[in-house]
Amino acid sequence: MISFLVDKLHDARFMTMLLAAIAASATAYTLIMPLFAGEGLAKRMKAVASERERIRQRERDRLSKSEKVSLRQSPRQLVSKVVEDFNLGKWLAQEAAREKLTMAGYRGQAPYVTFLFFRLVTPVVFFIGSILYVFVIWHMQKSMPVKIGMFIGAA
């Protein structure tokens, strides 16, 4: 029985027919599945309309409480302080990043300051996290230079 299976797996003609059958059934499945799919557009439209109504109601409630509405975001105090203290605008600034943030819908100074802050903090956090992982969590039997290389590579 096993020798029969091995012979069939090594038979080029049989494997060609098997792969052709798989490809044909996958093509048929791809073409037929949209016909069996339900109409989800009406359901999605209803969900969007109800969400839109909830947003309108929330905004009406907020406006009736006479809260000051500000469309501009202001960066957090800690984030802006770190960016100013380390002068990250000078060292890490990129006009391409600012343009990409603008294209993504993040306009203004606050998203850019947040981007600069996390560009500084992320490698430090990964470095500390990888040190903790290599030395505390994962007790591996490797030499010290290998462990150091691992957490430097992770950072």
Side-chain angles (χ1 to χ4, degrees), residues 1-59 71-76 78-80 82-83 86-155:
M1 176 73 176
I2 293 178
S3 65
F4 176 73
L5 290 175
V6 170
D7 289 340
K8 283 296 182 183
L9 288 176
H10 287 12
D11 184 13
R13 206 169 143 213
F14 175 76
M15 290 304 290
T16 304
M17 287 189 302
L18 180 68
L19 292 176
I22 291 172
S25 61
T27 303
Y29 178 78
T30 303
L31 294 174
I32 293 174
M33 278 312 293
L35 299 175
F36 292 121
E39 183 60 41
L41 181 61
K43 184 190 269 186
R44 287 195 312 263
M45 294 296 285
K46 185 176 179 182
V48 167
S50 65
E51 180 65 24
R52 188 179 303 133
E53 188 56 38
R54 280 195 298 261
I55 291 171
R56 281 188 191 131
Q57 186 61 38
R58 186 179 68 223
E59 292 301 315
L71 295 178
R72 288 207 184 266
Q73 299 173 348
S74 60
R76 303 279 185 250
L78 172 70
V79 172
S80 60
V82 168
V83 170
F86 287 111
N87 198 9
L88 296 180
K90 177 183 169 191
W91 295 105
L92 299 177
Q94 288 182 340
E95 282 304 313
R98 185 183 295 266
E99 290 172 6
K100 286 181 182 178
L101 284 170
T102 302
M103 285 191 288
Y106 297 109
R107 291 166 177 80
Q109 188 65 17
Y112 187 64
V113 169
T114 306
F115 168 75
L116 290 176
F117 173 76
F118 280 106
R119 191 161 175 204
L120 172 76
V121 170
T122 303
V124 174
V125 169
F126 274 128
F127 185 71
I128 293 170
S130 62
I131 287 174
L132 287 174
Y133 186 75
V134 168
F135 286 110
V136 177
I137 296 172
W138 188 25
H139 301 289
M140 57 184 212
Q141 304 299 325
K142 299 287 184 186
S143 65
M144 185 60 73
V146 170
K147 289 181 180 180
I148 291 172
M150 288 175 73
F151 64 77
I152 287 176

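Just so you know, these numbers use all the heavy atoms, side chains as well, and skip hydrogens, waters and symmetry mates.
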S.K.: What's the shortest heavy-atom distance between Lys8 and Phe14, and which atoms?
M.R.: O-CD2, 3.3 Å

S.K.: Is any side-chain N of the basic residue among Arg56 and Glu59 closer than 4.0 Å to the acidic one's carboxylate O?
M.R.: no

S.K.: Take a 6.0 Å sphere around CZ of Phe126 and say whether it holds more than 12 heavy atoms from other residues, nucleotides or ligands.
M.R.: no

S.K.: Could you pull out the closest heavy-atom pair between Met150 and Val134, with the gap in Å?
M.R.: CB-CG2, 4.3 Å

S.K.: Answer yes or no: does atom CG of Leu35 have more than 12 heavy-atom neighbours from other residues, nucleotides or ligands under 6.0 Å?
M.R.: yes

S.K.: Might you point out which heavy atoms bring Lys147 and Lys142 nearest each other, and give the distance in Å?
M.R.: CE-O, 3.6 Å

S.K.: Counting only heavy atoms not in Phe127, do more than 12 sit closer than 6.0 Å to its CZ atom?
M.R.: yes

S.K.: Could you tell me which non-hydrogen atom of Pro123 sits nearest to which non-hydrogen atom of Phe118, and how far apart they are?
M.R.: CD-O, 4.4 Å

S.K.: About how many Å separate CZ of Arg98 and CG of Leu116, when rounded to the nearest 0.5 Å?
M.R.: 8.0 Å

S.K.: Could you pull out the closest heavy-atom pair between Val124 and Leu120, with the gap in Å?
M.R.: CG2-O, 3.8 Å

S.K.: List the steps and the verdict of side chain to side chain contact (heavy atoms under 4.5 Å, CB included) for Lys46 and Lys43.
M.R.: CA-CA 5 Å; Lys46 185 176 179 182; Lys43 184 190 269 186; 5.8 Å; no

S.K.: Look up atom OG1 in Thr114 and atom CD in Gln109, then write down how far apart they are to the nearest 0.5 Å.
M.R.: 9.5 Å

S.K.: So, the side chain of Thr122 versus the backbone of Arg119: is there a donor-acceptor pair under 3.5 Å, distance only?
M.R.: no

S.K.: Can you tell me how far apart OG (Ser130) and CD1 (Ile148) are? Round to the nearest 0.5 Å.
M.R.: 11.5 Å

S.K.: Find the distance between CD (Glu51) and CD (Glu53) and round it off to the nearest 0.5 Å.
M.R.: 10.5 Å

S.K.: Quick one: pull up CD1 in Ile32 and OG1 in Thr27 and give me the separation to the nearest 0.5 Å.
M.R.: 10.5 Å

